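The next block holds one structure in the form of structure tokens; read it before the comments.
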Amino acid sequence: MIDPMIPLVIASSLAVLFLLAARHKIIAQPRFAAQLFAYRILPDVLVKPVARVLPWIEVAIGAGLLFAMTRPFAAVAAATMLVMYLLAMAVNLVRGRAEIDCGCGDTPQSLSVWLLLRNAVLAIAALLLLTPVAARPMNLLDFTFALMFIGACCASYQMLEQLTRNHTLLARKE
């Protein structure tokens, strides 16, 4: 059994990640469809419909992670989605197509082994949400620390993403 703060922090952090990813895909629908097309995984006729539906699945996952009742289903869906993204990236890396934009966010980012590792870690984190939680009441101090940890997780994720982008840009200049 794990402390109830751990799933609260993981679920909230993953919810932020999925909701922001969905926002990017909804706002920049044509760009996301082009990114999805560049992967050359789906038949061409399915790219636009999938590009329209996928962000809403991410919204549902993000929202589902926020509620204890739907969290187990959302955690499995999140892990599944992250592994699907990981496999799509891995297939293209094996094909020698690292230059395509991963479609992960607002700033273009080439495929890399780091993105595979990131998605694997995030999928494992999502699956940790299936671990039984110890029954203990949470107080105001717990929620304060949880908010601080969620902020730290989101900031750490952003810093790692920026480092990955910088690494990609430096590699292109060489």
Side-chain angles (χ1 to χ4, degrees), residues 2-92 100-109 111 114-133 138 143 146-158 160-161 164:
I2 59 175
D3 189 85
M5 189 183 303
I6 294 170
L8 175 64
V9 170
I10 292 172
S12 299
S13 298
L14 285 172
V16 168
L17 175 74
F18 272 91
L19 293 170
L20 288 175
R23 178 189 137 292
H24 145 71
K25 292 172 179 125
I26 291 167
I27 290 172
Q29 184 73 44
R31 178 175 165 220
F32 177 59
Q35 291 165 329
L36 196 57
F37 179 78
Y39 273 84
R40 304 255 185 244
I41 300 279
L42 296 170
D44 293 352
V45 296
L46 291 180
V47 170
K48 283 189 180 179
V50 169
R52 273 187 246 118
V53 171
L54 201 57
W56 297 105
I57 294 171
E58 289 180 344
V59 167
I61 290 170
L65 288 167
L66 295 174
F67 302 99
M69 182 182 288
T70 56
R71 190 170 294 146
F73 176 76
V76 171
T80 302
M81 184 79 74
L82 288 160
V83 169
M84 285 176 21
Y85 291 157
L86 182 153
L87 291 173
M89 287 187 257
V91 164
N92 278 283
I100 65 175
D101 183 2
C102 71
C104 304
D106 294 333
T107 305
Q109 186 173 188
L111 301 183
W114 292 109
L115 292 177
L116 302 180
L117 180 61
R118 177 204 64 190
N119 277 24
V121 168
L122 292 172
I124 291 167
L127 293 175
L128 280 174
L129 295 174
L130 302 175
T131 306
V133 177
M138 290 186 54
F143 287 111
L147 280 174
M148 289 174 18
F149 287 136
I150 292 164
C153 286
C154 292
S156 297
Y157 179 85
Q158 284 302 112
L160 287 171
E161 286 295 294
T164 304

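Here the structure is a predicted model, which is why all the values come from computation and not from measurement.
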- Could you check if a side-chain atom of Leu65 sits within less than 4.5 angstrom of a side-chain atom of Leu129, using non-hydrogen atoms only? yes
- Locate the shortest heavy-atom distance separating Ala74 from Gly64; write the atom from each residue and the value. CB-C, 3.5 Å
- Task: Could you walk me through whether Leu130 and Arg71 pass the side chain to side chain contact (heavy atoms under 4.5 Å, CB included) test, one step at a time?
- Result: CA-CA 8 Å; Leu130 302 175; Arg71 190 170 294 146; over 6 Å; no
- Query: Shortest non-hydrogen contact from Ile61 to Ala78?
  - Reply: CG2-CB, 3.7 Å
Contacts table for residues 32-44: side-chain donor-acceptor under 3.5 angstrom, sequence neighbours left out:
from	atom 1	to	atom 2	distance (Å)
Gln35	NE2	Asp101	OD2	2.5
Tyr39	OH	Cys102	O	2.8

- List the atom of Gln29, the atom of Ala51, and the distance in Å for their closest heavy-atom pair. NE2-O, 2.8 Å
- Write down the atom of Ala126, the atom of Ala79, and the distance for their closest heavy-atom approach. CB-N, 3.9 Å
- For residues Met81 and Leu54, determine if any side-chain heavy atom of one lies less than 4.5 Å from a side-chain heavy atom of the other. yes
- Message: Rounded to the nearest 0.5 Å, what separates atom CZ in Phe149 from atom CD1 in Ile6?
- Response: 9.5 Å
- Item | Distance (rounded to the nearest 0.5 Å) between Leu86 CG and Leu117 CG | 9.0 Å
Output side-chain donor-acceptor pairs under 3.5 Å for residues 13-27, partner residues at least two apart or in another chain, one line each.
from	atom 1	to	atom 2	distance (Å)
Ser13	OG	Val9	O	2.8
His24	ND1	Gly105	O	3.3
His24	ND1	Asp106	OD1	3.3
His24	NE2	Gly105	O	3.3
Lys25	NZ	Glu58	OE1	3.1
Lys25	NZ	Glu58	OE2	2.7

- Message: Is any side-chain heavy atom of Pro132 closer than 4.5 Å to one of Ile2?
- Response: no
- Item | Pairs flagged by side chain to side chain donor-acceptor pair (under 3.5 Å) wherever residues 115-125 is involved - sequence neighbours left out | Arg118-Tyr157, Arg118-Glu161
